[in-house]
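Computed from a prediction, not measured in an experiment: that's the story for all the values here. Computation of the quantities below employed the complete heavy-atom set of this structure, encompassing side-chain atoms and omitting hydrogens, waters and symmetry-equivalent molecules.
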Amino acid sequence: MFMKELARFLLLVFVTGSFIVGCSSGPKIASQASSGFPAFFKEIAPFTVTDSVGIDYSMPFQGGLNIPRPQFADMDGDGDVDVFIQEESGRIKYFENVGEPGKPIFKWTTDAYKDLTIGEWYRVVDLDDDGDMDILTEERFSYVRYYRNVGDRTSANFVMAVDTLLDATGAPIFADRQNIPQIVDIDCDGLLDLFIGRVTGTITHYESVGYDENRVPRFRFVTDRWEDIEIIGQNVSRHGANTMNFADIDQDNDLDLFWGDFFEAGVLLIRNQGTCGSPSLRSEPVNFPLNNPVRTSGYNAPVVLDLDEDGDLDMVFGVLGGAFNANSTTRDNLYYLEQTEPGNFEVRTMRFVYDLDAGSESVVKLSDLDGDGDLDMILANKIEPSNQKTSLMFVFENTGTKEKATFKYKETLDLTSTYHQSPAIADLDADGDLDMLVGKWNKEIAYFENKGSAAEYAFKEVNPIYEALSRGQNAVPALVDIDADGDLDLFVGEASGSMNFYLNTGTAKVAKYELVSDTYLDIDTGRRSFPAFADLDKDGDYDLVLGTELDGLTLYMNKGTAQVANFQLSGEMDIDVQAISAPEFADIDGDGDLDLFVGGASGGVVFFRNGK
């Protein structure tokens, strides 16, 4: 996660200017205040977060990436390329290039570009030859949707021209939803060709025949075995999901083919040995780059472009995770390869978007771990990409103040060998320092007592099965004094989407938990529940927010009292979060209200400031 090689790269890009930064100005309104309920505003870089080698994360709270599908296009007509990244099904992120020629600086703008409905893939291309960029996407059941740009080169405005692109005979064009097609003029005749990879390892070729009366392009089917290409994964002899890209990598004025395959650990290059007007791609695939082929978990989505505008082509590719252990690339998965001299490519980074990223299914907690009056941060993951026998927790010390946080990586906690570690931090024995409960993937919750002090923690496992769920797994503990009797009670989320409630019938010094219900409030989120308690309406009692697998954050307002809770379902919060959302409320800026941190499927953290 915190590599010296990465630090060297980032030092380089700060000199060249080729890097991505966050934007904390103009935050997106995440929820509207009503009846005293707070409004939350998303911020990407609200405060400085520094990694283990002293490099600042450029956009710490972007949210992480697991399966980034990048594309580049000049969407605002200012002469430089902007970045699109699809991480989730259904939408694409947009990063505007606000840098100078040859020194790109990419600023996060939105997680849902133009609110377009994007399926499992997308392609940005000038499809109607009017000088601005249109978008093709996957239509449900593997058809092709066409969004036409009815704006211009500087101000895009998309309308759906057709929901299903037809061929020249009027038949729908079918594109496997796990494959990303490509559109280029392969034979230099001024007309676009459509290429669709198949899970058989072959390529279907359609040739443009112009437009219909609504200026929707029509393509004539040519062949299902273009150039007799059939990609078979090395060492596995299998075909799979694929992506492709065309570029003149050898500068001989014709387009070569780059291929990423589910069963191929690297990127394959098939050289065009023909000419611009008469292409021939029947050469054997070779691993790219030739000087030092990259190897990942497979299913790589390449983009070839002159990113630094030095006159030669570079490459950016996302790792979607293929046949070679996708858990290993849930963090390092967006590569930038610079061509430093003809044919020589150097990996500059595996984290083109440099944000907090624990890998996958992150859980974030804020607590004053060192007793200095401000909140520190712990980030846990599902499985550690660099050590897949366990999950880990990363500690970031707040070296700022309670009003102005500055986080610096302190250490990695390897407390127990288990997956899906989910911590709950509180003083469980009333000795003045913070202890920890750690939920595990199976059904158990371990107890770690702080054998150090309030200023210098030293967690030691004293009970590996402090509590165990009566059913279900993926235990997510939350500690809260729900009845205002001076001790901490225990709520536990789980994989089934239910919630467990344990009442503390002991004391603040010696807890004794008794199971009241393993289906508390008959809550059923469908899958996964992540409880968080906070007094959101400032009425003196705790409200409940539940993170879920697919339905965001669900709010239960406490209509009772601090002594006798009465949670009433209020519905989904109007806050844009990832799947498998894990909320945490904390007053990070010392202004007296609670801000919101959310972990999620992509392994990072998203931050929302309380706008009151």
Please list every donor-acceptor pair under 3.5 Å in which a side-chain atom of residues 480-488 meets a protein atom from a residue at least two apart or in another chain.
residue : atom : partner : partner atom : Å
D481    : OD1  : A484    : N            : 3.0
D481    : OD1  : D485    : N            : 3.2
D481    : OD2  : D485    : N            : 3.4
D481    : OD2  : G486    : N            : 2.9
D485    : OD1  : D487    : N            : 3.3

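- When all heavy atoms of F95 and Q62 are compared, the closest pair comes out as CZ-OE1, 4.2 Å.
- Ring-centre distance between F567 and Y556: not below the 6.0 Å cut-off.
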**Asked** Step by step, would you call N300 with Y335 a side-chain hydrogen bond (donor to acceptor under 3.5 Å, both in side chains)?
**Response** CA-CA 10 Å; N300 303 303; Y335 282 61; over 6 Å; no
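- Applying the ring-ring contact (aromatic ring centres under 6.0 Å, His included) test to pairs two or more places apart or on separate chains, none has a residue in residues 568-596.
- The shortest distance between side-chain heavy atoms of F324 and T296 does not fall below 4.5 Å.
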**Item:** T548/T525 under side-chain hydrogen bond (donor to acceptor under 3.5 Å, both in side chains): CA gap, chis, key distance, verdict
**Value:** CA-CA 6 Å; T548 67; T525 67; 5.9 Å; no
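- Taking the side-chain hydrogen bond (donor to acceptor under 3.5 Å, both in side chains) definition, one finds that R69 meets it with nothing, sequence neighbours left out.
- Note that CG of D541 is 9.0 Å distant from CD of Q563, once rounded to the nearest 0.5 Å.
- No side-chain donor-acceptor contact under 3.5 Å links N381 and S362.
- D593 is not listed as a side-chain neighbour of P38, based on a closest heavy-atom distance of 4.5 Å or more.
- Between Y113 and Y94, the ring center distance clears the sub-6.0 Å criterion.
- Qualifying salt bridge (Lys or Arg N to Asp or Glu O under 4.0 Å) partners for K93, counting only residues two or more places apart in sequence or in other chains: D111.
- At least one donor-acceptor pair closer than 3.5 Å links the side chain of T349 to the backbone N or O of R351.
- Taken from CD in E549 to CG in D551, the straight-line distance is 9.0 Å, to the nearest 0.5 Å.
- Taking CG from D414 and CD from Q421, the interatomic distance works out to 7.5 Å, rounded to the nearest 0.5 Å.
- Looking at Y520, Y513, F533 one by one, the single match for ring-ring contact (aromatic ring centres under 6.0 Å, His included) with F501 turns out to be Y520.
- Counting heavy atoms from C-beta on, the side chains of Q473 and W441 come closer than 4.5 Å.
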**Request:** Applying side-chain contact (heavy atoms from CB on, under 4.5 Å), run through K389 and S417 and close with a yes or a no.
**Result:** CA-CA 7 Å; K389 296 180 180 180; S417 294; over 6 Å; no
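- The side-chain hydrogen bond (donor to acceptor under 3.5 Å, both in side chains) check on T243 picks up nothing, with sequence neighbours excluded.
- Ring pair F352/F317: centre-to-centre distance not below 6.0 Å.
- Annotation: the span from S391 atom OG to E361 atom CD amounts to 10.5 Å, rounded to 0.5 Å.
- Considering CG of D576 and CG of L553, their distance stands at 10.0 Å, rounded to 0.5 Å.
- A heavy-atom distance below 4.5 Å is found between the side chains of V353 and I85.
- No donor-acceptor pair under 3.5 Å is formed between the side chain of N474 and the backbone N or O of R528.
- Taking the six-membered ring wherever Trp is involved, the centroid distance between the rings of Y466 and Y447 falls below 6.0 Å.
- With contacts defined as side-chain heavy-atom distances shorter than 4.5 Å, the pair S529/S498 does not qualify.
- For the atom pair T416 OG1 and K440 NZ, the distance stands at 4.5 Å (nearest 0.5 Å).
- A donor and an acceptor atom, one from each side chain of E494 and S496, are located under 3.5 Å apart.
- Residues passing the ring-ring contact (aromatic ring centres under 6.0 Å, His included) test with Y502: none are found, sequence neighbours excluded.
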